[in-house]
Amino acid sequence: MMSLMEEFLKESQIPESYTKKSDQELTDEGWRLKKELGQRVYIPGHHYQRDEVIQFADDRGDSLRLAQLSAKKPDAEYIVFCGVHFMAETADILTGDHQTVILPDQRAGCAMADMASIYQLERAWDKLQETFGDTILPMTYVNSTAEIKAFCGRHGGATVTSSNADKMMKWAFSQKERLLFLPDQHLGRNTGVKLGLDLNQMVVWDPVRNAFEGEANEKTKVILWKGCCTVHEKFTAANIVSCRRADPDVRILVHPECSYDVVQQADYAGSTEYIINMIKHAPKGSHWAIGTEMNLVNRLKNEHPDLTIRLLNPVMCSCLTMNRIDLPHLVWSLAQIAEGKPVNVVKVPDHIARDAVLALDRMLMQ
Ligand code: 13P
Ligand code: SF4
C-alpha cells in the first residue's frame, strides 16, 4: 500500500506524455483548453513567469496586484496560479470556499519564504518580548508562508509587498514603537532608510542562531529577519561599477530586494510594477541596467527595442522556482480541470487562513 506522501507525490507528478509533446502541440492544446474552460478558470501570472506561460495569463501583475485581482474573481471556479507557492496560498486565503486554487507545479516554492518557519518565529518572539516587552508589531512581506502571515494577523500586524512597504511601515509605527520585519532583511532595511531611519536603528535577527546579529538597544526601531531573495542578492555594487564603466550613460534600476549597497548606488529602486513603469516611460534611446528577475528583464528588452536594456549582473540565472511553472505543467493542470480531476490544489487550513486574512486585509485596506 502507498503511503500518503507517496500518493501525493504520484498525484503531483506530471505524466510522461506531457513532457514528450512539442512546444507547439502544448501551446495549441493550452489555447484549446482555455477556450473550452472559459470563465470557469482564471489564470493570474506573475511578471517573472516564462513567456510561454505568461501568454496564457488573464492578468499579469506583481504580488500586490495579483492578490487584489484574485480576490475580485468570485465567478471563477478555479484559479490556476502561475507564480510561486506563497502567491497561490494568498489567493486561496482571499478567495471563496467555492473556489479551488491550483499551482501547476507544487515544487514552485520560494527560497525567501523558506527562510522563516513558524517554529523559528515563535521562539524568536519569546526572546524579542523578553528584550523589548510589548512594543513590537510583526510585519511580513507577502513572500512568506500562510503560517507566518497568520502569526502577524494574530498579533495585530500586517503583510506588505514591495509596492507598499513604505506605506505599511509608516502604518506599523502608528500602531507600535518598533517592528519585526520578516523575512527579507533587504526590503526591510531599504524601506526603513527610505523613511529616514538610521542603519543603527535597525538590527538583524538570526533565526538559525536564535539571536541578534549586532546590538539591540532602546534606539532599535526595526528588527530585520535574516532572510533574503537568493535571486536579487546576486546583484552587487561591483556590477554597478562595471556597468557604469562600460556605458557611462547607463541608468541603474533595481528591485528593493537587492542589498542596501546596491539600492544606495542605483539611480532608481522600486517594486516590479515600478520597474515596468519606469521602462514604459523611459526616454527613447536611453540605456538601462536592471537588477531584477531575468524573465522580466528579457521581456522588457523585447517589448522596448528602442531602448538599450541589459541585466545588471550578466551571469545571473533566473528564479528557478518561478520557472518550475512551464508549459507542460500548465497544460496538464488545465486538462485535469477539464476532466474533473484537478491536481496540485493549494489549500490553506481554515484555522491558519482565518488569522492570515487579518494580516492581508490590514494591508489591502490601507
Ligand atoms: P513583487 O511582485 O512584490 O515585486 O515581488 C517580487 C518577487 O520577488 C516575487 O517573488
Ligand atoms: Fe522568491 Fe526571490 Fe524567486 Fe521571488 S525571485 S520567488 S522572492 S526566490
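Note that these values count all heavy atoms, side chains included, but never hydrogens, waters or copies made by symmetry. It should be emphasised that the depicted structure is a prediction, and the values quoted were computed from it without experimental measurement. Counting starts at 1 for both ligands and their atoms, following the listed order.
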Visitor: Below 3.5 Å, can you tabulate the donor-acceptor pairs from side chains in residues 183-190 to any protein atom, sequence neighbours excluded?
Guide:
unit_1	atom_1	unit_2	atom_2	d
D184	OD1	H186	N	3.1
D184	OD2	L187	N	3.3
Q185	OE1	R189	NH1	3.3
Q185	OE1	R189	NH2	2.8
H186	NE2	E233	OE2	3.0
N190	ND2	H186	O	3.0
N190	ND2	P256	O	3.0
N190	ND2	C258	O	2.9

Visitor: Could D355 and R154 be called an ion pair, given the rule that one side-chain N must be under 4.0 Å from one carboxylate O?
Guide: yes
Visitor: Between K221 and D198, is there a salt bridge with N-O shorter than 4.0 Å?
Guide: no
Visitor: What protein heavy atom sits nearest atom 10 (O) of ligand 1, and how far off is it?
Guide: N143 ND2, 3.5 Å
Visitor: Will you find, in the side chains of S163 and D62, an N or O donor that is under 3.5 Å from an N or O acceptor?
Guide: yes
Visitor: For atom 3 (O) of ligand 1, what is the nearest protein heavy atom, given as residue, atom name and distance?
Guide: S63 OG, 2.6 Å
Visitor: Parallel under 30°, tilted from 30 to 60°, perpendicular over 60°: which one fits the rings of W125 and F151?
Guide: perpendicular
Visitor: Does this structure show an ion pair linking D58 with K34, if we count only N-O contacts that are shorter than 4.0 Å?
Guide: yes
Visitor: Hey, are Y141 and E257 close enough side-chain-wise for a donor-acceptor pair under 3.5 Å?
Guide: yes
Visitor: Hey, is E257 touching ligand 2 through its side chain, its backbone, both or neither, going by heavy atoms under 4.0 Å?
Guide: side chain
Visitor: Give the residue and atom name of whichever protein heavy atom lies nearest to atom 8 (O) of ligand 1, and the separation in Å to one decimal.
Guide: E257 OE2, 3.0 Å
Visitor: Under 3.5 Å between any N/O of H232 and any N/O of ligand 1: does that happen in this structure?
Guide: no
Visitor: Quick one: name the protein N/O/S atoms under 2.8 Å from atom 1 (Fe) of ligand 2, chain by chain.
Guide: C110 SG
Visitor: I'd like to check the side chain to side chain contact (heavy atoms under 4.5 Å, CB included) partners of T131; sequence neighbours left out, ordered by chain and number.
Guide: F212
Visitor: Considering F86, Y48, Y141 one by one, which has a heavy atom nearer to atom 5 (O) of ligand 1 than any of the others?
Guide: Y141
Visitor: Would you mind listing which atoms of ligand 1 come within a distance below 4.0 Å of any non-hydrogen atom of H46?
Guide: 2 (O), 9 (C)
Visitor: Using a 4.0 Å heavy-atom threshold (strictly under), name the region of H255 that reaches ligand 1: side chain, backbone, both or neither.
Guide: side chain
Visitor: Give the contacting part of E293 toward ligand 1: side chain, backbone, both or neither, where contact means a heavy-atom distance below 4.0 Å.
Guide: neither
Visitor: Same cluster or not: are M139 and L358 linked, directly or through other Ile, Leu, Val, Met, Phe, Trp or Tyr residues, by side-chain heavy atoms under 4.5 angstrom apart?
Guide: no
Visitor: Both conditions, 6.0 Å and 45 degrees, for the charged tip of K170 above the ring of F173: are they met here?
Guide: no
Visitor: Please list the nearest protein heavy atom to atom 4 (O) of ligand 1 with its residue and the distance rounded to 0.1 Å.
Guide: T272 OG1, 2.4 Å
Visitor: May I have the list of side-chain donor-acceptor pairs in residues 66-87 shorter than 3.5 Å, sequence neighbours left out?
Guide:
unit_1	atom_1	unit_2	atom_2	d
S70	OG	L66	O	2.8
E77	OE1	R40	NE	2.9
E77	OE2	R40	NH2	3.3

Visitor: Are any of the heavy atoms in M87 under 4.0 Å away from ligand 1?
Guide: yes
